[in-house]
Protein chains: 2
Amino acid sequence: MMSEESIKEYLRERALKATPIRVGLLSLLSERESAIPYSEIQENLKSFDRVTLYRTLNALIDGGIVHKASTSGDETYYALCSQNCSKHCHKHEHIHFKCTACHEVSCMHIEQAIKISIPNFQIEEVSVEVKGVCDKCCK
Amino acid sequence: MMSEESIKEYLRERALKATPIRVGLLSLLSERESAIPYSEIQENLKSFDRVTLYRTLNALIDGGIVHKASTSGDETYYALCSQNCSKHCHKHEHIHFKCTACHEVSCMHIEQAIKISIPNFQIEEVSVEVKGVCDKCCK
DNA sequence: TTTATAAATGCAACAATGTTGCATTAAAAT
DNA sequence: ATTTTAATGCAACATTGTTGCATTTATAAA
């Protein structure tokens with residue numbers, strides 16, 4: 001859970017204005033352990049204009065602060081980036097786990113490094129999405 | 001490139017009716033080496049009803065004949081499954097490679113098996129999407 | 001060949017996500 | 001306090017995606 005002040009500082013570090021919707025969105029994302037589906041974000045920030053929400057999400061993605069955690073299902077999930085993402089350059093060393101039981105999407109760091117090489121191809125980015133049942137639903 | 005007859009047989013094996021749009025779609029997908037974005041599918045099958053195209057895509061995905069090859073970008077790419085996918089149970093032992101230069105999406109079989117295990121989590125499905133520059137654009 | 005069945009289609013309408021343009025607002029710098 | 005310019009809200013539009021229902025049609029059965 002990030003304080004409002006640290007959120008504002010974070011935005012300013014990235015040369016982004018600390019506007020109310022941006023602060024609200026980052027506050028929402030930071031108080032949750034897992035990624036949040038768009039519909040839920042919209043529900044929580046319904047006092048803001050929908051168009052502005054889209055622009056805000058895109059601005060924060062461009063700014064390396066927010067990333068899409070899962071896009072393969074019915075809707076897109078968003079989550080905070082770690083501090084190592086920069087403007088225009090997302091660097092994620094984790095996978096996304098989507099629980100088929102509770103539909104939660106988590107950003108998970110795993111031990112095994114995933115290395116992929118394809119002859120004559122240049123690899124820039126590897127995204128891994130895992131589906132299964134999470135520890136909470138497994139018990 | 002599958003013949004019309006073998007497409008019809010394939011559909012009937014899966015207890016699906018061999019209707020014109022289904023034959024047309026599978027013919028289109030089978031003559032291409034890489035996955036096809038939805039917009040292109042629609043363009044090629046514009047004589048059919050848009051709603052029916054959506055239903056057809058979903059029916060063929062449910063039937064284990066077609067799969068979504070990439071959903072993380074602007075649009076969804078579709079490709080034929082290999083023969084080992086069955087109804088309701090997609091079994092893909094490959095990754096999807098999206099070229100950032102030409103935007104082509106390819107289904108690629110790689111040598112390394114990708115194994116992921118997370119303590120207390122049950123893994124059902126692993127999807128890997130790689131972004132980079134393909135061999136054609138690399139030269 | 002004809003009939004029956006039920007899946008598939010087309011049409012109209014609706015829903016949801018996503019984008020653009022422009023005037024106004026407001027965060028931040030001066 | 002003023003200026004600058006990024007961000008916002010509103011209206012409109014575009015695209016993707018779905019539902020309902022009457023009609024059509026592929027296919028099996030007679």
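Bear in mind that the values here come from a model prediction, so they are computed numbers and not experimental data. Each chain gets a letter, A, B and so on, in the order its sequence line appears, and its residues count up from 1.
In this entry the distance linking CG of B:L53 with P of D:dT15 reads 15 Å, nearest Å. The distance between atom CZ of A:R22 and atom P of C:dA27, rounded to the nearest whole Å, is 11 Å. Atom CG of B:L45 is separated from atom P of D:dT16 by 14 Å (rounded to the nearest Å). Distance CD (B:E75) to P (D:dT16): 7 Å, rounded to an integer number of Å. Per the geometry, CZ belonging to B:R12 stands 19 Å off P belonging to C:dA6, to the nearest Å. If you take OH of B:Y54 and C1' of C:dT17, they are 11 Å apart, rounded to a whole angstrom. In this entry the distance linking CG of B:D49 with P of D:dA22 reads 17 Å, nearest Å. When rounded to the nearest whole Å, the span between CZ of A:F48 and C1' of D:dG9 equals 12 Å.
For D:dT16, the OP1/OP2 oxygens have no side-chain nitrogen or oxygen of B:R50 closer than 4.0 Å. For the OP1/OP2 pair of C:dG18 and a distance below 4.0 Å, the side-chain nitrogens and oxygens of A:N58 include no atom meeting the criterion. Within the 4.0 Å cut-off from OP1 or OP2 of D:dG9, at least one side-chain nitrogen or oxygen of A:T52 is found.
Looking only at atom types and distance, the side chain of B:S39 has a donor-acceptor partner in the side chain of B:E75 under 3.5 Å away. With 3.5 Å as the limit, one finds a donor-acceptor pair spanning the side chains of A:S6 and A:S3. Inspection of the A:S70 and A:E129 side chains reveals an N or O donor paired with an N or O acceptor under 3.5 Å.
When the options A:K131, A:K136, A:R32 are evaluated for a salt bridge (charged side-chain N to carboxylate O under 4.0 Å, His left out) with A:E104, the one that passes is A:K136.
Nearest-nucleotide mapping onto DNA chain D: of A:V51 and B:S39, the residue sitting toward the 5' end is A:V51. Summary of the strand contacts: A:T56 and B:Y38 both lie near DNA chain D, and taking for each the nucleotide with the nearest heavy atom, the more 5' one is attributed to A:T56. Comparing A:Q42 and A:R55 by the nucleotide of DNA chain C that holds the closest heavy atom to each, the one mapping nearer the 5' end is A:Q42.
A centroid separation of less than 6.0 Å is found between the aromatic rings of B:Y54 and B:Y38.
Among the atoms of the strands shown, none is found under 4.0 Å from any heavy atom of A:A59. Among the protein residues, A:T19 comes within range of the sugar-phosphate backbone only, with heavy atoms under 4.0 Å from sugar or phosphate atoms but none that close to a base.
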